[in-house]
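Sequential numbering from 1 along the given sequence is applied to the chain's residues. For ligands, and for the atoms within them, numbers begin at 1 and follow the listed sequence. Remember, it's a predicted structure, so these values are computed and weren't measured experimentally.
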Amino acid sequence: MSELSTKEITYLAGVGPKKAEVLKQELKIQSYEDLLYHFPYKYVDRSRTFKIREISSTSSHIQLQGKVIGLNKVGSGKSERLVAKFADDTGVIELVWFKFIKQIKGNLDANAEYIIFGKPTKFNQSYNIVHPEMEKVDESKPKVTAGLQAFYHTTERMKKGYLNSKGIQKMQESIFLSFKGAISETLPAYIVQQYKLMILDQALRTVHFPPDSQALQQAQFRLKFEELFYIQLSILKLKNQRSRSIKGHIFATVGDYFNHFFFNNLPFELTGAQKRVIREIRNDVGSGRQMNRLLQGDVGSGKTMVALMVMLIALDNNYQACLMAPTEILASQHFESILELLKGMDLNVKLLTGSSKKKEREQIHAELLSGELQILIGTHALLENIVQFKNLGMVIIDEQHRFGVAQRAKLWAKNTIPPHVLVMTATPIPRTLAMTVYGDLDVSVIDELPPGRKPIETKHYFHNKRNNLNHFIKAEIEKGRQIYVVYPLIEESEKMDFKNLAEGLEYMQSAFPDYKTTMVHGKMKPAEKDAAMQEFACGDAQILVATTVIEVGVNVPNASVMIIESAERFGLSQLHQLRGRVGRGAEQSYCILMTGYKLGEDTKKRMGIMVDSNDGFEIAEADMKLRGPGDLEGTQQSGLPFELKIANITRDAQLLQHARNVANAILDNDPTLEKPENQVLNKQLTKLARQKMNWSLIS
Ligand code: ADP
Ligand code: MG
C-alpha cells in the first residue's frame, strides 16, 4: 500500500499534469491511494436490461437494448440538437444530444444493435434520454458493462476538464491494470480471518467494480469496519496510556456526609438511573484510576443531585470538591439549591463568580488553601491561577459544551494528582458520536426522568395565532403558573436583538397590564440579572422575557409555558434546551414555537420534530441527520477530528460499536501493540496520525 500512497497521480495513464492539478485542487487527490479511496457515492445496476415499456417516472439510470430507427438534426444555434428514435420490441424513445453532434451522427450505425445507458426524463408526455452512453452489441465479446456501475462525485470544474464520473472510473481501472500484484493488507491476518472480512485488495477492486450487490456489501463492510476500527483503536490506545500513566485518588469509603444526606436530607427517592450512575462513579473513584466520565442526561433528569452526592463522597474521603457552571445565573442557582439541600449539615460551601467582591474572594482563596472550604461552586472564575486548593479530589463541570477542552485541562492541573472529573451535559450527544468525539471518556447516561413528569405539549404557531396565544397565557397565569418568552440572540447584531427584546418586553407589558413582566439578558450587570431572576423565581413576576441566557439549567418549577419567538432562528438542540426550562413541576407544561409564515424545508422539519418528540436523544439524532455530525451543538469546539470516507456514524452505529469492541479486545491482549502480528496496526496508526487527524483536540 505504501507504494500506492507515494505514486503520484500525474503518472497514471491518461492523467497528466493538468488533470492532476484539478484532482488535487478539487478533491485533494494526489496519489494512487487517494484516488482508490475516493469511493463511489452510488451504484446503478447494469446487470439488467430494461424494456422501453417498463420505463416509468421513477426510473433512475437504466440500460436498454435496441436499434436506432431514425435520426434528425433539429433546431439551430444554441438549441441545435440531434434526436434519434430508439426502439426495442416494446416501444420507442428519443435519444438527444446537444454536443458532439457531428461525431455521433457519423458514428451511429442504423443496422447495429446497441446497448444504451442513461437516465430517462419525461418530456412532452414521452421519455427521452439525454447524452446516453452507447455501445454496439458484439456477441463475440463478453459484455464490458456487467454488474453495478459506480458513480463518483465530481465538481463543475472537473467536468469542464473532462473529469466526469466515467473519467474517474477509467482512472480507477488503470490503477488496477497498472498495479501488478495484490494491494497489501492493512489489517492483521487474524482479524481478517476471525471476522470473515474481505481482504483489502479484493475490497478495493469490488467497491469500484462490483460484480453484484452481495459482493459490494461485503466490500463496503470491510472498508467501513476498517475506517471505524482505526479511529477507535487510536482513541482507546490513548485512553489506556493515560490511565496507566495517571494515577487517581482513591475514595475508599462512603462516610458520614453521604449517609447523613441520604437518610435525612434527600427530598425524594432517586430514580433507578440516578442510582446506577452513582454506582458507576463510585466504581471509578475506588479504582485507583483517575475518573474521566461524561454524564449525559436530558434536561430535568436530575443531574445536579448526582453531582451533589458525588461531591459528598469526595468530602467523606477528606477531599475538596468543586462544581463549575457556564453562567453566573446557573452557578448561583446551583449554589442556592445546594445550600437548601444541605440544610442542617455542617458544611462549608461557597460561591465564586466574576462578580464576587474582593474581600469575599480573598477569604475563599484562603479557605481553599487551608482546606476549610469544602465545596466551591462557581463559573470560569474557578479557573484563575490564583484559585488553588489544598486537596481537590472531584471536579464537576456542568453543561460541557460551554467549556473548551483547554479549560478542562486547567482544572486538572490544580493538583499533583489530578482530581476525578465528571462532565455533565444535557445536550444529548448521540451515543455513536459520543463514542467517536468523546471516545476517551467513559459515558454514563441518565435515561429516566423523575416520576410524575407530564410530557411537555409542544405547538407550532404562526403569528396569526397571537390572540389565541394571549388568551392562553392569561388562563395559565390565572391558574397560578408563570411564563417564559424567549427571543433569539445573534452575536453579530446585539443592538437589533436588544431591540427585539425591549419591544417584546413592552408588548408583554401592554398586553398583560395586570401582571408583572420582567426581563433578563446577557448584557445586564450580574446584580441586575440576579434581581430579575429572583423576582421571577419567587413568583413576584409572572412573565419573564429573556434571551437564551436562560437556556441552560435555570430551574423555576412553577413556570409552565415556554414561548419561543422567531423559533426558526434556533437549532434543534437549542429549542430542546429551552423547552426543558418548563415541565419541571407536576403541572402540564407547554412549549409554543412562534414563527413567520415562510419557512424552508429544514425549518419545517425542525418544527415538526419538536412537536412530535420530547426525547432529547431522538432529537439529537434527528439534528445530526439534518445537519451532519460536524455541526452538532456541543461538538463544535472539538469538532470531528477526522473525516469519514465511507462509514457514516449515524447509519453505521452498530458497526461502530463492533469496531470498538474489537479494538478493545486487541488492546486487552496487547496494550502497547508490541506483538508481531499487531505490527501492521502500529504502522497504520502512525500513518493515520500523520494525516489530518488531530487527536489532541479531544482528551
Ligand atoms: P438537570 O439534569 O436538567 O440538571 P436538575 O438536576 O436541575 O436537572 O433536576 C430537575 C428537577 O428535578 C429539580 O427540581 C430536582 O430537584 C428534581 N429531581 C431530581 N431528581 C429527582 C428525583 N429522583 N425525583 C424527583 N425529583 C427529582
Ligand atoms: Mg442542570
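- Remark: the backbone N or O of H249 is paired with a side-chain donor or acceptor of H420 at under 3.5 angstrom.
- Between M305 and ligand 1, a contact under 3.5 Å exists for no N or O pair.
- Residue-level proximity to ligand 1 for T271 is carried by backbone and side chain together, each with a heavy atom below 4.0 angstrom.
- At a 4.0 Å cut-off, at least one heavy atom of R453 sits close enough to ligand 1 to count as contact.
- When atom types are taken as modelled, the side chain of R276 and the backbone of V445 share a donor-acceptor pair closer than 3.5 angstrom.
- Contact atoms of ligand 1 toward T304: 4 (O), 5 (P), 6 (O), 7 (O) (distance under 4.0 Å to a heavy atom of the residue).
- With hydrogens and angles ignored, the 3.5 Å screen pairs no side-chain donor or acceptor of S566 with any backbone N or O of E568.
- For an aromatic pair to be called close, the ring centres must be under 6.0 Å apart, and Y484 with F536 satisfies this.
- Atoms of ligand 1 found under 4.0 Å from any heavy atom of L270 (numbered from 1 in listed order, with element): 23 (N).
- The shell of residues lying under 4.0 angstrom from ligand 1, judged by heavy atoms, includes S301.
- A salt bridge is absent between E328 and K529: the closest approach of a Lys/Arg side-chain nitrogen to an acidic carboxylate oxygen does not fall below 4.0 angstrom.
- In E269, the part holding a heavy atom less than 4.0 Å from any atom of ligand 1 is the backbone.
- Ionic pairing of E476 and K479 is present here: one or more N-O contacts between side-chain nitrogen and carboxylate oxygen are shorter than 4.0 angstrom.
- Close N/O approach between G300 and ligand 1 is found [any backbone or side-chain N/O within under 3.5 Å].
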Checklist entry - Passes ring pair (Phe, Tyr, Trp, His ring centres under 6.0 Å), F472 versus Y590? Steps please. => result CA-CA 10 Å; F472 171 71; Y590 305 87; 4.9 Å; yes
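- Heavy-atom contacts of Q274 reach the following atoms of ligand 1: 19 (C), 20 (N), 22 (C), 23 (N) (cutoff under 4.0 Å).
- Less than 4.0 angstrom separates some heavy atom of R584 from each of these atoms of ligand 1: 3 (O), 7 (O), 10 (C).
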